[in-house]
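Values reported hereafter were calculated over all heavy atoms of this structure, with side chains retained and with hydrogens, waters and symmetry mates removed.
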Amino acid sequence: MLHPAEPWQQSGRWDLIGDELFRLKDRKEADLCLAMTHEEIFTTLALELSSYKQLPQVWYQIQTKLRDEPRPKSGVLRVREFTMKDSYSFDLDQAGLDVAFANHYTAYQRIFARLGLSAVPVEASSGMMGGAGSVEFMVRSDAGEDWIVVCPTGDYSSNVETASAVLAPVEDPTPASLEKFATPGVRTIKGLEEFDGGAAANRQIKSLFYVVDSDLVVVLMRGDHSLVEQKLLDGLSVVEARPATADEIFAAVGAHPGSLGAVGVEGFRIVADLALKNRGGMTTGANDDDFHLRNVDMDRDIRVDDWLDLREVLGGEPCINCGAPLEVEKTIEIGHIFKLGTRYSEPFGATVLDENGKSQSIFMGSYGIGVERNMAAIVEANHDSKGIIWPVSVAPYQVVITVLRPEDADTFGAAIRVYDELRLAGVDVILDDRNERPGVKFADAELVGFPLRITVGPRGVESGFLELVTRATGEIEEVSVGDIVGVTRDRLVGSPQ
RNA sequence: CGGGCUGUGGCGCAGCUUGGUAGCGCGCUUGUCUGGGGGACAAGAGGUCGCGGGUUCAAAUCCCGCCAGCCCGACCA
């Protein structure tokens with residue numbers, strides 16, 4: 001969908017979002033974009049609402065979305081243009097939004113179950129959507145690109161972008177005075193671990209320099225911990241940040257990556273991961289190439305502006321709710337629901353009058369399901385070496401009638417009769433009357449993945465028994481012509497829905 | 001954006017190093033046989049070799065530029 005720039009400027013996302021928003025100009029040089037989601041448009045439509053009596057409402061559509069991905073990949077899983085079923089809820093207050101959100105949560109779980117998908121709801125970052133609180137629905141798959149953290153006891157699940165875990169305490173030595181020492185050629189955490197007089201990774205402070213809104217920000221992590229960039233973005237309430245270049249860093253502190261630290265650094269915002277809180281006896285770069293500092297005390301030596309949870313949770317770390325070892329799994333994101341609150345209604349002035357005649361910004365929610373991704377996830381979860389095995393609920397047809405020798409009038413007539421009877425019985429059936437060899441037609445039916453196949457050939461017509469094959473199991477049943485409709489319906493009910 | 005690679009009948013590819021007649025498989029057309037797990041034989045049709053420029057007597061092949069796509073990484077609600 002082509003959108004004018006104005007609504008996107010009004011929400012602020014025109015400037016907030018980077019190259020992922022596909023911008024273009026028309027012949028009059030007017031700014032346009034290809035919509036990556038439709039909050040702006042639905043909020044504009046919501047300007048029509050004027051009274052609390054019109055709320056709550058839920059609107060939905062199935063629409064094309066476009067995101068200018070740096071690198072589309074993985075077949076249909078990550079593409080520039082895709083189809084999304086998105087809905088938007090409108091409520092008078094937070095309580096109403098909570099209800100709409102909970103309803104969607106339940107409905108989505110039922111949708112995914114009917115699609116034959118085992119969807120795991122997880123806490124997630126709202127990213128560029130804004131608002132507070134969001135839940136992603138994930139399906140475990142090696143083809144996925146998202147990592148989630150789950151507790152095997154079922155009391156915790158989160159995208160790694162928001163996940164936390166209990167941190168094992170570290171015993172620090174008694175405080176000592178800061179000491180600068182030469183570390184010729186040492187440029188990495190590992191290098192400093194192996195250096196004589198160096199320090200274990202969990203006794204080091206890793207200093208990362210980022211550019212946020214064209215300002216330099218120093219990010220401090222424990223040496224053995226990895227930064228989750230999304231946590232940094234969320235913690236700083238920004239949508240974009242990038243690592244500073246070596247040149248930018250040198251211009252700022254006079255040292256190169258590998259010898260960086262935050263001790264005595266002034267003029268930049270310094271944010272530190274919670275794992276460093278109260279730590280002492282640490283080792284870090286001295287902002288002087290080939291020199292490090294030891295006996296660094298976080299409280300005494302570093303002016304931290306913000307303490308944030310920034311680190312990546314690893315498998316095996318204790319759950320924050322029950323202490324059980326967490327598991328990290330690769331998944332496909334098949335749905336994402338957001339509590340937008342007044343993130344969009346306020347800048348657009350989408351308000352209604354409440355029962356006291358007072359103007360209130362509408363509380364909105366936004367709920368998306370990626371259609372192609374769901375199909376891909378279904379196929380990933382339901383296939384074998386021969387092809388797809390569609391669950392009955394989403395199969396293009398529930399039954400295929402494979403007619404052998406369709407030019408034989410008796411055989412074709414029998415096939416048509418079964419076809420008509422099944423249709424009358426409400427079964428979604430397709431007739432393969434192509435003049436192909438049996439092997440070709442069987443193989444095609446299995447590749448496409450119809451849940452059931454009925455074979456009608458001269459042999460069966462003569463004997464009065466037809467072959468009913470269940471795709472998922474390969475089970476073959478000989479069913480009399482008179483029973484075929486009933487047995488077929490029984491098998492459909494018994495199949496995965 | 002960094003690294004690697006590909007673009008040749010409808011589809012999948014070979015040919016390019018070493019310039020000279022565009023070839024193979026599948027599919028398609030016609031015919032005969034065949035007919036319950038991807039048939040056999042025979043005869044055919046079908047190609048601006050991604051686009052533009054250059055070198056050359058001669059370019060699918062060598063050189064330059066561009067476009068599109070794929071893989072790894074970065075990035076990605």
Whole-Å distance between [N] [atom2] and [X] [atom1]?
X	N	atom1	atom2	answer
A:R405	B:G36	CZ	C1'	10 Å
A:L16	B:C76	CG	P	14 Å
A:E145	B:A74	CD	P	11 Å
A:L447	B:G37	CG	P	19 Å
A:R471	B:G37	CZ	P	17 Å
A:E161	B:C76	CD	C1'	9 Å
A:E436	B:G35	CD	P	17 Å
A:L21	B:C75	CG	P	20 Å

For atom [atom1], what is the distance between [N] and [M], given to the nearest Å?
N	M	atom1	result
B:A45	B:U29	P	15 Å
B:G12	B:G7	C1'	13 Å
B:G25	B:G19	C1'	27 Å
B:G31	B:C71	P	44 Å
B:A60	B:G23	C1'	12 Å
B:U34	B:C41	P	16 Å
B:G44	B:C63	C1'	41 Å
B:U8	B:G52	P	15 Å

Using Watson-Crick or G-U wobble geometry with both distances below 3.5 Å, tell me the partner of [N], or none.
N	answer
B:G31	B:C41
B:C66	B:G50
B:G20	B:C57
B:G73	B:C1
B:G10	B:C26

Would you indicate what [X] reaches in the nucleic acid, counting non-hydrogen atoms under 4.0 angstrom: base, sugar-phosphate, or nothing?
X	value
A:G460	base
A:N435	base
A:R453	base
A:E407	base
A:E69	base

Problem set entry | A:F209: which of A:V217, A:V219, A:V218 passes side chain to side chain contact (heavy atoms under 4.5 Å, CB included) | A:V218
Problem set entry | Residue whose nearest RNA chain B nucleotide is more 5′ - A:V456 or A:M36 | A:V456
Looking at [X] and [N], is any side-chain donor or acceptor paired with a base atom of the opposite kind under 3.5 Å?
X	N	value
A:R78	B:C76	yes
A:R437	B:G39	yes
A:E446	B:G37	yes

For this session: Could you tell me whether A:Y419 and A:F412 have their ring centroids closer than 6.0 angstrom?
Result: no
Exercise. Does the ring center of A:W59 lie less than 6.0 Å from the ring center of A:F90?
Worked result: yes
Exercise. Is NZ or CZ of A:R23 both nearer than 6.0 Å to the six-membered ring centre of A:W14 and within 45° of the ring axis?
Worked result: yes
Taking the minimum atom-to-atom distance to the side chain of [X], which one of [options] wins?
X	options	value
A:E467	B:G36, B:G37, B:C76	B:G36
A:E229	B:C76, B:G39, B:G37	B:C76
A:E20	B:G39, B:C76, B:G35	B:C76
A:A443	B:G35, B:G37, B:C76	B:G37

For this session: Evaluate the ring planes of A:F101 and A:Y105, with Trp represented by its six-membered ring, and classify them as parallel (under 30°), tilted (30 to 60°) or perpendicular (over 60°).
Result: tilted
Problem set entry | Mutual orientation of the aromatic rings belonging to A:Y367 and A:Y108 [parallel < 30°, tilted 30-60°, perpendicular > 60°] | perpendicular
Exercise. Do any N or O atoms from the side chain of A:K231 and from the backbone of A:A163 form a donor-acceptor pair under 3.5 angstrom?
Worked result: yes
